[in-house]
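Below: one structure, written as structure tokens.
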Amino acid sequence: MRPLDEKETTAVFEKIFKFTGNNLKNIVENPSHEGPDKEPGRYCFRLHKNKVYYVSDSLVKRATNVARTKLASIGTCVGRFTHGGNFHLTIECLNLLAANAKHKVWLKPTSEMSFLYANHVLKGGLGRITESIAPGDGVVVFSMSDLPLGFGVAAKSTQDCRKLDPNAIVVLHQADIGEYLRMENQHEQIIEE
């Protein structure tokens with residue numbers, strides 16, 4: 001486990017900024033009240049086995065007692081770096097993104113299951129959408145009861161969505177909470193190793 005270098009930090013912050021905008025500052029400066037210290041610490045990003053974790057400084061200090069080969073995970077997994085060096089957000093960072101999201105989309109109850117099976121969001125399934133979304137912006141997808149379901153990339157702007165056909169794609173799927181079940185076997189294999 002090590003701190004991110006400058007190139008890695010840039011890649012991580014650019015990806016998170018796509019979803020949070022200026023609220024990225026809230027994530028970076030969030031005080032941590034974990035651990036025995038009376039003074040609130042900070043959260044930081046750490047790299048371990050190509051995965052980036054959002055973890056409190058207090059926990060990082062305590063994790064130094066564990067050998068790197070024995071350390072399976074620490075904090076919240078935000079994403080991972082591919083072999084090509086690209087950074088991809090994982091579903092585990094959904095709560096972090098949802099609390100600081102700049103652009104949001106709410107789905108009708110009838111289209112929630114479709115999204116949870118890794119399908120894109122169609123105009124007909126759209127309940128509400130925040131203003132000033134541009135194509136390519138990061139979007140957090142919620143149910144009508146404000147439960148975060150996943151995230152994706154806007155395919156159309158807010159203004160274009162009003163004129164679209166009901167079967168047109170509005171948000172391109174990237175991750176959803178259904179992945180926990182779909183990837184269950186993969187996670188079990190990692191734990192066994």
**same_hphob_cluster(L147, V171) at 4.5 Å side-chain heavy-atom cutoff** = yes
**Item:** Test item: H103 and V140 side chains (from C-beta on) under 4.5 Å apart, heavy atoms
**Value:** no
**Request:** Decide if atom CD of E6 counts as having more than 12 heavy atoms of other residues, nucleotides or ligands within a radius under 6.0 Å.
**Result:** no
**Request:** Determine, step by step, whether T82 and F87 satisfy the side-chain contact (heavy atoms from CB on, under 4.5 Å) criterion, reporting the C-alpha distance in whole Å, the side-chain angles of both residues, the deciding distance to 0.1 Å, and the verdict.
**Result:** CA-CA 6 Å; T82 63; F87 180 72; over 6 Å; no
**Prompt:** Any side-chain heavy-atom pair from L149 and L116 closer than 4.5 angstrom?
**Reply:** yes
**Message:** Centre-to-centre under 6.0 Å for Y53 and F45, is that the case here?
**Reply:** no
**Message:** In the structure I gave you, are the side-chain heavy atoms of V170 and V105 within less than 4.5 Å of one another anywhere?
**Reply:** no
**Asked** Any donor-acceptor pair under 3.5 Å linking the side chain of K108 with the backbone of G124?
**Response** yes
**Message:** When you measure from the side chain of T64 to the backbone of K61, do you find a donor-acceptor pair of N or O atoms at a distance under 3.5 Å?
**Reply:** yes
**Asked** Are S58 and S56 linked by a side-chain donor-acceptor pair shorter than 3.5 Å?
**Response** no
**Prompt:** Which atom pair, heavy atoms only, marks the closest approach of S132 to D137?
**Reply:** O-OD2, 4.2 Å
**Same apolar cluster (I L V M F W Y, side chains within < 4.5 Å links), M1/V78** = no
**Prompt:** Ignoring hydrogens and geometry, is there a side-chain-to-backbone donor-acceptor pair from T20 to A101 under 3.5 Å?
**Reply:** no
**Asked** How close do D57 and C44 get, heavy atom to heavy atom, and via which atoms?
**Response** OD1-SG, 3.2 Å
**Message:** salt bridge (Lys or Arg N to Asp or Glu O under 4.0 Å) for R162 and E131? Distances and angles first, verdict last.
**Reply:** CA-CA 11 Å; R162 294 187 176 111; E131 292 296 323; 2.8 Å; yes
**Asked** Do F115 and L107 come within less than 4.5 Å of each other through their side chains, counting heavy atoms only?
**Response** yes
**Request:** Side-chain contact test, heavy atoms from C-beta onward, threshold under 4.5 Å: evaluate it for V153 versus Q174 and give yes or no.
**Result:** yes
**Request:** Say whether, by atom type as modelled, one donor and one acceptor occur between the side chain of H120 and the main chain of I169 under 3.5 angstrom.
**Result:** no
**Request:** Apply the test side-chain contact (heavy atoms from CB on, under 4.5 Å) to residues V12 and L4: give CA-CA distance (whole Å), side-chain angles for both, the deciding distance (0.1 Å), then the verdict.
**Result:** CA-CA 9 Å; V12 171; L4 302 174; 4.0 Å; yes
**Asked** So D176 and F151, side-chain contact (heavy atoms from CB on, under 4.5 Å) or not? Walk me through it.
**Response** CA-CA 6 Å; D176 65 79; F151 54 89; over 6 Å; no
**Request:** Examine I133 and L122 and state if one hydrophobic cluster contains both, with Ile, Leu, Val, Met, Phe, Trp and Tyr joined whenever side-chain heavy atoms are less than 4.5 Å apart.
**Result:** no
**Request:** Check whether any side-chain heavy atom of L71 lies under 4.5 Å from a side-chain heavy atom of K49, and answer yes or no.
**Result:** no
**Request:** Look at the side chain of S111 and the backbone N and O of G125, then say whether any donor-acceptor pair between them is shorter than 3.5 Å.
**Result:** yes
**Prompt:** Are any of the side-chain nitrogens in R80 or E8 under 4.0 Å away from the carboxylate oxygens of its partner?
**Reply:** no
**L164 with L172, same ILVMFWY side-chain cluster at under 4.5 Å** = no
**Message:** Does K18 have more than 12 heavy atoms from other residues, nucleotides or ligands lying within 6.0 Å of its NZ?
**Reply:** yes
**Prompt:** Would you call K51-E92 a salt bridge at under 4.0 Å N-O?
**Reply:** no
**Request:** Look up atom NZ in K15 and atom CG in L24, then write down how far apart they are to the nearest 0.5 Å.
**Result:** 14.0 Å
**Between CZ on residue F142 and CD on residue E112, distance to nearest 0.5 Å** = 12.5 Å
**Asked** Ignoring hydrogens and geometry, is there a side-chain-to-backbone donor-acceptor pair from N30 to I27 under 3.5 Å?
**Response** no
**Asked** Only one of T158, V121, V139 forms a side chain to side chain contact (heavy atoms under 4.5 Å, CB included) with I129, so which one is it?
**Response** T158
**Request:** Measure the shortest side-chain to side-chain distance between T76 and L96 over non-hydrogen atoms and say whether it is less than 4.5 angstrom.
**Result:** no
**Asked** Nearest heavy-atom pair of R42 and E29: which atoms, and what distance?
**Response** NH1-O, 2.8 Å
**Message:** Hydrophobic cluster membership, with links at side-chain heavy-atom distances under 4.5 Å among I/L/V/M/F/W/Y: are V52 and L59 in one?
**Reply:** no
**Prompt:** Heavy-atom distance under 4.5 Å between the side chains of F19 and L89, does that happen here?
**Reply:** yes
**Request:** Could you pull out the closest heavy-atom pair between W106 and S143, with the gap in Å?
**Result:** CD1-O, 3.1 Å
**Prompt:** For D146, does the CG atom sit with more than 12 other heavy atoms under 6.0 Å from it, leaving out its own atoms?
**Reply:** yes
**Message:** Please give me the minimum heavy-atom distance between M144 and P109, naming the atom from each residue.
**Reply:** CG-CD, 4.2 Å
**Complete:** Looking only at heavy atoms, the pair that brings A154 and A134 closest together is CB-O, 3.6 Å
